[in-house]
Every structure is written in structure tokens, then in C-alpha cells.
Amino acid sequence: MQRFTRYFSYGYVKNSVLSKASLGAECRLATAIGQTRAFRPDWATVDPEALSEKSPLELYNLVAGEWTQSKESVHVIDPMNGDNFIKTPNTSVAELQPFRDSLASVPKTGLHNPFKSPERYLMYGDVSAKAAAELAKPEVADFFARCIQRVVPKSYAQAMGEVKIVKIFFENFGGDQVRFLARGFTVSGDHAGQQSQGLRWPYGPVALVTPFNFPLEIVGLQLMGALYMGNKVVAKNCSRTSLVSEQFVRMLHHCGMPKSDVDLINCDGPVMGELLSDPLVRMTQFTGSSRVAEHLALATRGKVKLEDAGFDWKIIGPDLQDLDYVAYQCDQDAYACQGQKCSAQSILFIHENWQSSGLLDKMAALASRRNLSELTIGPVLTHTTKDMLDHVDALLKLPGSRLLFGGKALTGHSIPDSYGAIEPTAVFVPLEELLKKENFALCTREIFGPFQVVTEYSAQELDDVLGACERMNHHLTAAIVSNDIPFQQKVLGSTVNGTTYVGARARTTGAPQNHWFGPAGDPRGAGIGSPEAIKLVWSCHREVIQDTVIPENFVTPQQT
């Protein structure tokens with residue numbers, strides 16, 4: 001393994017750990033960046049390195065193909081120092097009418113469907129191919145990675161991971177692959193001339209609401225899925241990170257996407273809720289907190305697809321093996337991106353066979369290597385430091401609980417108090433205490449930050465562990481770290497998480513473009529990335545029955 005390090009003007013370091021397979025491409029990237037340190041694509045409107053309180057960026061709404069401003073704006077603060085470095089529109093309810101008019105311009109049949117404007121399937125295949133080629137340029141990939149880091153600080157490798165996934169997604173859907181998403185089926189009828197066709201049909205005017213933590217990947221994959229299926233989209237990304245979604249849409253315009261296919265809106269939650277409650281919006285896909293998800297389900301009268309919170313579990317099985325790898329993956333799952341992943345490892349169940357393995361010591365050592373200079377630990381945008389440490393203290397009051405590592409505020413930084421900054425933290429809670437009715441809600445509270453609960457179980461307590469998984473409310477991701485086939489089968493057969501990794505390399509954090517990522521057990525559940533996810537979320541089933549041949553010598557039968 002080799003490492004290269006680059007320094008930029010906004011005061012922290014970005015590192016990328018390179019495999020031999022990726023070394024050549026990354027070295028070309030480093031060379032390109034060295035030649036064009038402040039590179040900005042022709043279609044872009046921001047230099048992420050130059051952003052500051054003295055030189056703030058002004059963002060825009062996009063409606064009916066026009067970039068516009070609202071009457072009022074709000075400042076977004078730099079998560080590293082609290083400066084007002086972005087000014088974003090603060091659209092009011094009184095300013096929603098242009099967005100309603102834009103959505104109303106598209107019928108329920110969408111912008112295209114299998115019978116109408118099918119050439120648009122080909123157009124989006126071409127847009128995807130061009131976007132993939134654009135993101136394959138090292139300097140463009142780096143531009144997006146730096147944009148991501150400015151608004152949701154994470155390590156350069158994690159930010160670049162988003163860019164790579166979006167690039168491969170576009171590669172997957174270049175050429176004919178978009179129209180293949182609309183592939184239906186036929187079934188023979190009851191008589192000559194009759195045949196039924198099952199079709200994938202767009203909703204027409206739809207909405208997309210995305211969170212802060214993956215401002216390129218979630219926006220990119222869900223937005224394109226909606227467009228591929230023929231929908232018109234109004235999209236709202238978290239105001240803290242909408243810099244990235246605006247630059248992404250500007251790139252799509254550059255690659256040939258019609259400007260009127262997507263509207264972008266910047267506003268607060270109640271204003272967006274007002275727009276989404278309009279019957280004009282035929283379907284909303286929401287990724288974010290469970291509290292907001294439940295509110296939207298009511299406001300939209302159930303016309304939602306949700307990828308909400310995840311208190312994600314990992315069960316380490318009885319077969320002790322590959323200690324270093326298991327410890328590494330536990331560290332990555334719990335603390336990469338500051339734990340600000342809906343798939344982050346929230347609770348770790350360790351089989352008693354691992355007691356003397358040194359697993360916890362190795363996890364503590366790995367966590368101690370994380371630092372602010374590389375952004376392998378950093379600002380938490382959804383919890384304050386006090387909130388997270390108060391949760392640690394509450395858990396430590398449970399009998400037998402102990403602090404494994406962390407539990408302290410970060411020092412030597414200028415992260416604003418409105419955000420959180422703590423060391424990677426793990427608290428051990430005995431299984432019998434965790435399972436008690438009065439403790440369970442506390443022990444399974446999702447902390448969207450660098451925090452996890454750890455417990456231990458015996459072979460006789462596996463059913464208790466599975467009972468705990470049953471009692472949890474959000475079934476997004478899970479990991480079964482075992483190559484023991486009977487153990488795997490028992491756990492898989494007793495759990496429901498929608499994205500479950502199984503085997504010695506099992507992880508909780510995995511949302512690439514090559515498989516379904518989303519919850520299970522909820523009819524409102526939304527997936528992302530795969531053809532199956534796109535069809536499920538962004539289209540509905542329509543049945544068309546051809547019945548064309550009237551029998552010869554037809555005689556009117558007795559009425560029934």
C-alpha cells in the first residue's frame with residue numbers, strides 16, 4: 001500500500017490509501033491536481049478552496065429551467081470554523097407557486113413512457129454516458145470530492161468514494177440500459193387476439209428529499225433513477241450541503257439533460273412539507289430521519305418511499321478468525337464519515353469465543369489513529385458534543401456498563417458549538433441489562449455520530465440476541481460475521497434487515513451501485529442504485545390488455 005498527501009488552503013489534510021490496482025489512476029490524479037490546484041470545470045460556479053466568509057458562495061433555486069433567487073436567504077456555516085461561507089435561498093410558502101406550475105406542466109403519464117417519447121430513454125442513456133466520461137476526468141472527480149469535504153467534512157478517500165460510485169452508476173446506465181429499465185412482460189390471453197402486457201409506468205410529477213451525509217451519491221443515484229423512468233423531479237437537498245447538488249445538476253445540463261426536467265428548491269422543512277402535501281406531487285422519495293419520514297407519510301397520505309433511520313447491528317459469530325480484518329471492518333463501520341451513515345454500525349454483538357482474542361483492544365487502537373488533520377474524525381452535523389456525551393453518561397449508569405474507549409470531546413479545533421466533536425467512542429453494556437424493558441430504548445437510540453454500543457453473548461443467548469434484533473424498529477443494514485453456515489442460516493432466517501452482509505468480511509456500511517441498498521419489512525421502503533431499486537421506487541405497474549380479434553359469425557349471447 002502507498003499513500004500520498006495533499007494540502008489545500010482551507011487548512012486540513014486529505015489522504016487516500018491506494019491499492020496497487022488503483023495506484024496508477026490516483027497518481028495521474030495527483031499529477032493533474034498539482035498542475036491545476038484551483039481547477040474548476042467550465043460548467044461549475046464554485047471554487048471550493050476559495051470559499052470563506054470574505055468570499056461566500058451564493059446558491060440558487062432552479063425552476064422551469066431558470067436559475068432564480070428567493071426574496072430572503074440564509075447563511076450556511078463552515079463546519080470547520082463556524083464562518084458564514086455560503087448563502088442559500090430561503091424560499092417561503094408564498095414563493096412556491098412557480099414550483100407548483102412547473103410540476104403541473106407535466107401530466108401523470110410523465111415526460112416519457114413506453115408509448116410516449118421513447119426516444120428520451122435513449123437520450124438519458126447518452127446523458128449518462130457523457131456524465132460518466134466527465135466524472136472519469138481526474139480533475140472533475142477531485143472537484144466534487146473537495147466540494148463534498150467543504151460542506152460535510154469527511155476523509156478525502158470517503159468523499160472520493162461517493163464520486164466513484166456515481167461514476168460507475170452512470171457507466172452502468174449508458175447506452176441502452178435506461179430503456180431496459182422499462183422492460184415489461186407479456187402473458188397469453190384467453191382467446192385469439194388477446195394478450196396482456198405488464199409495463200413500468202412513471203408517476204409524472206415527483207419529489208426527492210435527500211440528507212446531508214452523502215450529498216452527491218444519494219442525490220445522484222435517486223435523481224437519475226427518477227428521470228430514467230420518465231418523471232419530472234423537484235429536488236431538495238439539505239441546505240447545509242446543497243452546494244454539491246447544484247454543481248451536480250449544472251454538470252448534467254452540460255451533459256445534455258434538458259434544463260426543465262429537474263427543479264431544485266432551497267427552503268426549510270415546513271415549506272417543503274407544504275409543497276409535498278399538494279396532491280400535484282404524485283410520489284415523494286425521502287432519505288433521512290425516521291421522525292420526518294413518519295410526518296411525511298401522513299402529509300402525503302402515504303405517497304412516499306422511505307429510506308430512513310437505521311440502528312444497524314453486527315453479530316460476530318462463534319468461529320474465531322481473521323482478527324485483524326474483523327477489527328478493521330468494525331472500526332470502519334462505526335467511525336468512517338464520523339459515523340454519519342444511516343448504515344453505520346450502531347451495536348456490536350460479540351460471541352463469547354472472542355473473549356480472549358484481543359478484538360476490543362485492536363478496535364481501540366484503530367480508533368485512536370483517527371484524527372482531525374486527515375478528517376478521519378471530525379464534525380458531527382446532527383448532534384452537539386454535549387448531547388453525545390450525555391448519552392454516554394446515561395449508558396454508563398447501567399449496572400456492569402463500562403467505557404471501552406473514547407468518551408471525550410475533541411480538542412484543538414475551531415468546530416462550532418452547534419455541531420458535535422467527540423473521539424470515536426464505544427460503551428459496553430451487559431446483554432442482560434440491554435434487554436431489560438426499561439433500558440432497551442436507551443441502548444438502541446441511534447446516535448448519528450462516532451458512537452456504538454458493544455455487548456457479548458453466549459451460545460445459549462443467541463435467541464436473546466435475535467429477540468433484540470426483532471425489537472428494533474428500523475431494519476436497514478446488518479452484518480453476520482461468520483462463515484459457520486448453520487449459524488448464518490439461523491440468524492438470516494430470524495431477521496429482516498434489507499441489506500445484510502454475511503461471512504467473514506461482512507460489514508454494515510455498503511451502498512455501492514451494484515446491489516440493492518435499503519430497508520426491509522416496511523411496504524414504504526425505498527432502495528437505491530440497482531435496476532430493481534429504480535423500478536420499485538420510481539415507477540408503478542400498468543397492465544395493458546390487447547383484445548383485437550372479434551370471432552367470426554358473432555351472435556349476441558344471453559345477457560348476464
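Positions are given from 1, in the same order as the sequence printed here. In this text the structure is predicted, and so the values were computed from the model without any measurement.
In this structure, R200 fails the cation-pi test against W538, since its NZ or CZ atom is not both closer than 6.0 Å to the six-membered ring centre and inside 45 degrees of the ring normal. In this structure, K154 satisfies the cation-pi test against F214, with its NZ or CZ atom closer than 6.0 Å to the six-membered ring centre and inside 45 degrees of the ring normal.
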Run the numbers on Q340 and F212 for side-chain contact (heavy atoms from CB on, under 4.5 Å), then give the verdict. CA-CA 9 Å; Q340 295 174 116; F212 74 91; 3.6 Å; yes
Verdict with supporting geometry, D333 and K341, salt bridge (Lys or Arg N to Asp or Glu O under 4.0 Å): CA-CA 9 Å; D333 284 345; K341 295 184 178 184; over 6 Å; no
side-chain contact (heavy atoms from CB on, under 4.5 Å), that's the test. Do K236 and L208 meet it? Break it down for me. CA-CA 6 Å; K236 179 194 181 313; L208 173 64; over 6 Å; no
Stepwise salt bridge (Lys or Arg N to Asp or Glu O under 4.0 Å) check, R100 with D278: CA-CA 9 Å; R100 291 192 175 103; D278 193 315; 3.0 Å; yes
Applying side chain to side chain donor-acceptor pair (under 3.5 Å) to N266 and T88, what does each step give before you reach the verdict? CA-CA 7 Å; N266 292 277; T88 184; 3.2 Å; yes
side-chain contact (heavy atoms from CB on, under 4.5 Å) assessment of M224 paired with F170: CA-CA 9 Å; M224 297 312 298; F170 276 127; 3.7 Å; yes
Trace of the side-chain contact (heavy atoms from CB on, under 4.5 Å) decision for V163 with V166: CA-CA 5 Å; V163 183; V166 176; 6.0 Å; no
Let's go through E532 and K535 carefully: what are the C-alpha distance in whole Å and the side-chain angles of both, what is the deciding distance for salt bridge (Lys or Arg N to Asp or Glu O under 4.0 Å) to 0.1 Å, and is it a yes or a no? CA-CA 5 Å; E532 292 75 20; K535 287 183 278 190; 5.3 Å; no
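Checked by atom type and distance alone, the side chain of S70 pairs as donor or acceptor with a backbone atom of N90 at under 3.5 Å. Listed for the N231 side chain is a donor-acceptor partner under 3.5 Å among the backbone atoms of A226. Panel note: side chain E171, backbone A132; no donor-acceptor pair is recorded below 3.5 Å. Between the side chain of K116 and the backbone N or O of G110 there is at least one donor-acceptor pair closer than 3.5 Å. In this structure, the side chain of H383 engages the main chain of F448 through a donor-acceptor pair within 3.5 Å. Between the side chain of D522 and the main chain of R524, a donor-acceptor pair closer than 3.5 Å is present. Checking side-chain atoms of N113 against main-chain N and O of T109 turns up a donor-acceptor pair under 3.5 Å. Although no hydrogens or angles enter the test, the distance criterion places a donor-acceptor pair under 3.5 Å between the side chain of Q338 and the main chain of P153.
Annotation: side chain of I218 is in contact with side chain of N213 (closest heavy-atom distance under 4.5 Å). For the pair R150/P48, a side-chain contact is recorded, criterion being any heavy-atom separation below 4.5 Å from C-beta on. Counting heavy atoms from C-beta outward, D261 and Y124 have side chains that approach closer than 4.5 Å. Side-chain contact between L111 and R120 is present, with at least one heavy-atom pair separated by less than 4.5 Å. Between I77 and D83 the shortest side-chain heavy-atom distance does not fall below 4.5 Å. Looking only at side-chain heavy atoms (C-beta outward), K232 and V206 stay at 4.5 Å or farther from each other. Here the side chains of K108 and Y203 are not in contact, with every heavy-atom distance at 4.5 Å or above. Side-chain atoms of N497 and T499, non-hydrogen and from C-beta on, never get closer than 4.5 Å to each other.
Between the side chains of N61 and T91, at least one donor-acceptor pair of N or O atoms lies under 3.5 Å. With no hydrogens or angles considered, a side-chain donor-acceptor pair links N237 and T210 at under 3.5 Å. Between the side chains of E134 and W43, at least one donor N or O lies within less than 3.5 Å of an accepting N or O. Side-chain contact, Y156 with E374: no donor N or O sits under 3.5 Å from an acceptor N or O. No donor-acceptor contact under 3.5 angstrom links the side chains of E307 and Q222, judged on distance only. There is a side-chain donor-acceptor pair under 3.5 Å between S373 and N371. Using modelled atom types and a 3.5 Å distance limit, the side chains of T508 and D312 yield no donor-acceptor pair. Side-chain atoms of H112 and Y228 include no donor-acceptor pair closer than 3.5 Å. At a cut-off of 3.5 Å, with distance as the only test, a side-chain donor of D263 or S102 sits close to an acceptor on the other residue. Using modelled atom types, one finds a donor on one side chain and an acceptor on the other under 3.5 Å when comparing Q247 with T45.
Other residues, nucleotides and ligands contribute over 12 non-hydrogen atoms within 6.0 Å of the NE2 atom of H253. Surrounding CD of E66 are at most 12 heavy atoms belonging to other residues, nucleotides or ligands under 6.0 Å away.
Applying the side chain to side chain contact (heavy atoms under 4.5 Å, CB included) criterion to Q332, with sequence neighbours excluded, gives Q158, Y328, Q329, A336, R370. Listed by chain and residue number, L372, L410, I415, A421 satisfy the side chain to side chain contact (heavy atoms under 4.5 Å, CB included) test with H413 (two or more places apart in sequence, or in another chain).
Between Y501 and H515, the distance from one ring center to the other falls under 6.0 angstrom.
One finds the OG atom of S239 at 8.0 Å from the CG atom of D268 (value rounded to the nearest 0.5 Å). Taken to the nearest 0.5 Å, the CZ atom of R507 stands 13.0 Å off from the OG1 atom of T500. Atoms CE and OH, on M80 and Y419 in that order, are 12.0 Å from each other to the nearest 0.5 Å. Here the OG-NZ distance, from S128 to K130, works out to 11.0 Å after rounding to the nearest 0.5 Å. Separation of atoms CD (E246) and CG (L59) is listed at 5.0 Å; rounding is to 0.5 Å. With rounding to the nearest 0.5 angstrom, the CD atom of E446 is 9.0 Å from the CG atom of L476.
When all heavy atoms are compared, the tightest approach of C238 to P211 is CB-C, 3.9 Å. Residues G510 and S343 share a closest heavy-atom pair of N-OG, 4.3 Å. Here the closest non-hydrogen pair linking E162 and L216 is OE1-N, 3.1 Å. When all heavy atoms are compared, the tightest approach of Q345 to C330 is OE1-CA, 3.7 Å. Here the closest heavy-atom approach between residue M251 and residue L135 is recorded as SD-CD2, 3.9 Å. Across every non-hydrogen atom of P523 and K305, the tightest pair is O-NZ, 3.6 Å.
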Would you be so kind as to tabulate the donor-acceptor pairs closer than 3.5 Å made by side chains of residues 281-291, with sequence neighbours excluded?
{"unit_1": "Q285", "atom_1": "NE2", "unit_2": "T287", "atom_2": "OG1", "d": "3.1"}
{"unit_1": "S289", "atom_1": "OG", "unit_2": "V292", "atom_2": "N", "d": "3.2"}

